[in-house]
2 protein chains.
Amino acid sequence: MPAHPQTSTAAVVAAGRRLLEERGVDALTMREVADAVGVRAPSLYKRVRSRSDLFRLVLEDVADELTSVLDAAAMTGDPVADLGAMAAAYRRFAHANPVTYTLMMAPQAIPGATARSVRSSATFLNTVARLAGPMHALPAARTIVAWAHGFITMELAGAFRLGGDVENAWDFGLNRILAAIRRPAD
Amino acid sequence: MPAHPQTSTAAVVAAGRRLLEERGVDALTMREVADAVGVRAPSLYKRVRSRSDLFRLVLEDVADELTSVLDAAAMTGDPVADLGAMAAAYRRFAHANPVTYTLMMAPQAIPGATARSVRSSATFLNTVARLAGPMHALPAARTIVAWAHGFITMELAGAFRLGGDVENAWDFGLNRILAAIRRPAD
DNA sequence: ACCTGAACACCGTTCAAGT
DNA sequence: ACCTGAACACCGTTCAAGT
């Protein structure tokens, strides 16, 4: 007489993600997640291999959503405008998901959950190629992503302690970097 | 009849830092640290308030060392050369301390241990001011640090998966950003 | 097939008792 | 003053037993 499933992997991952974002890493316990989806902790092992595996699934979910947010942000066809829009969308996403965004990008934060990938948006790479030329597309893309990720991480960490206008620093950095990356003779 | 101290806060912090860097976050348990300094776990609470407090002390220690590494790297007096040397020293330090560097910069990684500060090197700010002019010194410094930190984090996370030459991407980013930040009329 | 309570080996932390 | 063993409330995970 088979017992019917009371939950699903998707529900477990969603509950884990919400718990993580709203109450922090320590609140993501197997017993709390089980509570949220209406089963007992041991039943979760029918859906995920371990707590680390659950972390990995949650962060993969976040990475997938970020990728589609980026792809949807490029609309005008002008590389500078599109890269600005993608950077803004990237930052908005991180601000809306500060805990999971940070964990997604910090490799050693959760041991065993390191296999997640920050998917490169093909749209992003193509847009950079149009600005920087195909020869420099890869290092140029890495420069933009490194800057945006670094800026956002430090912002979320409260590392900008010397006052000044953080919005202004974002615009300054974005404009200077896009200008610096542009192919010399166009 | 007072019992003599068997250890010190400095020894506890040093043991914690080594454990963290060599065996990861999960290995930093109170019992392991106690073992390393030759006492029992409850005695550690004479030196640190809690495990979170120990994390905070370890990461402050890392931040202090990073600051002095940066200060020591500027030698020539030429702003471009000095900023290049500081960036290289920053990256070397992160490569030598990958786990603790990442944790130091990732706010939510260890709940309760967020009070640590990434000290700004005064030397660094002054050098940037000489390159970018005093008006843009702060946003320019934030641009450089954001890029360097972002680049290194992604590198340590193994996020550069599309092949290509990572050293070349570092040089490309550094040169372009320093050029972009330079005061227009000099 | 999935769910469950009981159990195990851990963990951070507290505290009374020792010197 | 500091150190210790014992204890407490947790945790992830396993597993035999239930349906």
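Note that the structure is a prediction, hence the values are computed from the model and not measured.
Atom CG in B:Asp26 sits roughly 12 Å away from atom C1' in D:dC11 (whole-Å rounding). For the pair B:Asp35 CG and C:dC10 C1', the computed distance is 15 Å after rounding to whole Å. Per the geometry, OH belonging to A:Tyr45 stands 13 Å off C1' belonging to D:dC15, to the nearest Å.
Nearest-nucleotide positions on DNA chain C for A:Pro5 and B:Arg49 put A:Pro5 closer to the 5' end. Judged by closest nucleotide on DNA chain D, B:His4 is the one of B:His4 and A:Glu32 placed further toward the 5' end.
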Inset, instruction - Begin from the C-alpha positions of A:Glu155 and A:Arg91 and carry the test side-chain contact (heavy atoms from CB on, under 4.5 Å) through to its verdict. - result: CA-CA 10 Å; A:Glu155 183 179 24; A:Arg91 189 170 174 226; 2.6 Å; yes

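A cation-pi geometry, defined here as NZ or CZ lying under 6.0 Å from the six-membered ring centre and within 45° of its normal, does not hold between A:Arg142 and B:Phe151.
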Nucleotide N/O to protein N/O under 3.5 Å, stretch nucleotides 4-8 of chain D:
residue: D:dT4; atom: OP2; partner: B:Arg40; partner atom: N; Å: 2.9
residue: D:dT4; atom: OP2; partner: B:Ser43; partner atom: OG; Å: 3.3
residue: D:dG5; atom: OP2; partner: B:Arg40; partner atom: NE; Å: 3.1

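When heavy atoms are screened at a 4.0 angstrom cut-off, B:Leu54 is found touching no nucleic acid atom at all.
You'll find that the side chain of B:Ala3 is closest to C:dT19, out of C:dT19, D:dC11, D:dT13. The side chain of B:Met30 approaches C:dT13 more closely than any other nucleotide in the set C:dC2, D:dC3, C:dT13. Checking C:dC11, D:dC2, D:dG12 against every side-chain atom of B:Thr29, the shortest atom distance belongs to C:dC11.
Nucleotide D:dC8 forms a Watson-Crick or G-U wobble pair with C:dG12, both donor-acceptor distances falling under 3.5 Å. Nucleotide D:dG18 has C:dC2 as its partner under the Watson-Crick or G-U criteria, with both atom distances under 3.5 Å.
Residue A:Arg23 holds its CZ atom at 4.5 Å from CD of A:Glu32, rounded to the nearest 0.5 Å. B:Leu178 contributes atom CG, which lies 12.5 Å from atom CZ of A:Arg176 (distance to the nearest 0.5 angstrom). Rounding to the nearest 0.5 Å places CD1 of A:Ile181 at 10.5 Å from NE2 of A:His136.
Listed here is the closest heavy atom pair of A:Phe124 and A:Ala141: CE2-CB, 3.7 Å.
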